[in-house]
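Each remark here refers to the structure printed beneath this line.
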Amino acid sequence: MMLLLAPGIRYFPEHFGPAEQAALVEDIRAVVTKAPLYVPAMPKTGKEMSVRMTNCGVLGWVTDKEGGYRYQAVHPVTRRPWPSIPQRLLELWQEVGDFPLLPEACLVNFYSDTAKMGLHQDRDEQNLNAPVVSVSLGDACLFRSGGTNRNDKTQSIRLSSGDVIVLGGEGRMAFHGVDRIYPGTSTLLKSTGRINLTLRRVTAS
Ligand code: SIN
Ligand code: FE2
């Protein structure tokens, strides 16, 4: 099932069933073993974000005080290349991404019970024709999306484990964020918290 939340914002509730969600968690555990979660910091201020991050893919999205928002080929702490994107996620992209080239980056965000993410646009990619494909795992969250101006009206939906959102076309530059986590609403993970995966195409070709 697919619901259109707004032009270009497609919502696939429970796209992944319980067995597939568990397999995805195993895929991500393997990624995190090679590329540990780290604490990202905001450009200029160096203020720490509340989520913990890592990536898989030939490129990963990183942010720190000195370098700001960017994509790079290596983990900022280990300096090693990111692990590759799990096959299951490449298949998801091919299924729902509606784009001829494969994703280059998969940002992994881990939300503890109190973590959130402020309203923002994903605009560090050169290729804005490609969608951003997002997967939710673990505890539910309150997800907010709006238009392409920060002050546009927003709508909030509760995203649950297995849900997929695609920001593409007119929705690609939509502001979005996570206002809160609902701890203990899923038993998928070993403890509370939420994992979000976002697949992105970074370069133009
Ligand atoms: C993001 O915008 O990078 C994360 C969105 C989410 O956690 O659902
Ligand atoms: Fe985002």
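Atoms within each ligand, like the ligands themselves, are counted from 1 in listed order. Atoms considered below: every heavy atom in the structure, side chains included; atoms not considered: hydrogens, waters and symmetry mates. Bear in mind that the values here come from a model prediction, so they are computed numbers and not experimental data.
Distance alone, capped at 3.5 Å, places no donor-acceptor pair between the R180 side chain and the A115 backbone. No side-chain donor-acceptor contact under 3.5 Å links S134 to the backbone of I165.
Under the 4.0 Å criterion applied to side-chain N and carboxylate O atoms, D27 and R88 are assigned as salt-bridge partners. Look at R194 and D139 and you find no salt bridge, because none of the NZ, NE, NH1 or NH2 atoms lies under 4.0 Å from a carboxylate O. Salt bridge annotation for K65-E48: absent, with no cationic side-chain nitrogen under 4.0 angstrom from a carboxylate oxygen. By the 4.0 Å N-to-carboxylate-O rule, D64 lies close enough to R70 to be salt-bridged with it.
Scanning the protein heavy atoms around atom 8 (O) of ligand 1, the nearest turns out to be R194 NH2, 2.9 Å. In terms of protein heavy-atom proximity, atom 4 (C) of ligand 1 is closest to N196 OD1, 3.3 Å.
For ligand 1 and H176, the ligand atoms under 4.0 Å from any heavy atom of the residue are 2 (O). Of all the atoms in ligand 1, the ones that sit under 4.0 Å from a non-hydrogen atom of N109 are 3 (O), 4 (C). For ligand 1, the atoms closer than 4.0 angstrom to any heavy atom of V178 are 6 (C), 7 (O), 8 (O). Atoms of ligand 1 found under 4.0 Å from any heavy atom of H120 (numbered from 1 in listed order, with element): 1 (C), 2 (O). For ligand 1 and R200, the ligand atoms under 4.0 Å from any heavy atom of the residue are 3 (O). Annotation for ligand 1: atoms under 4.0 Å from non-hydrogen atoms of Y111 are 4 (C), 5 (C), 6 (C), 7 (O). Which parts of ligand 1 touch M117 is read off a 4.0 Å heavy-atom cut-off, strictly below it: atoms 1 (C), 2 (O), 3 (O), 4 (C).
Counting only distances under 2.8 Å, and ignoring water, the protein N, O or S atoms around the Fe ion (ligand 2) are H120 NE2, D122 OD1, H176 NE2.
Proximity of T203 to N127: side-chain heavy atoms (C-beta onward) are nowhere separated by under 4.5 Å.
Distance check, rounded to the nearest 0.5 Å: CG of L107 to OG1 of T54 gives 8.5 Å.
Linking Ile, Leu, Val, Met, Phe, Trp and Tyr whenever their side-chain heavy atoms come within less than 4.5 Å leaves L5 and V164 in two separate clusters.
The ring-ring contact (aromatic ring centres under 6.0 Å, His included) test applied to Y38 returns H75, not counting sequence neighbours.
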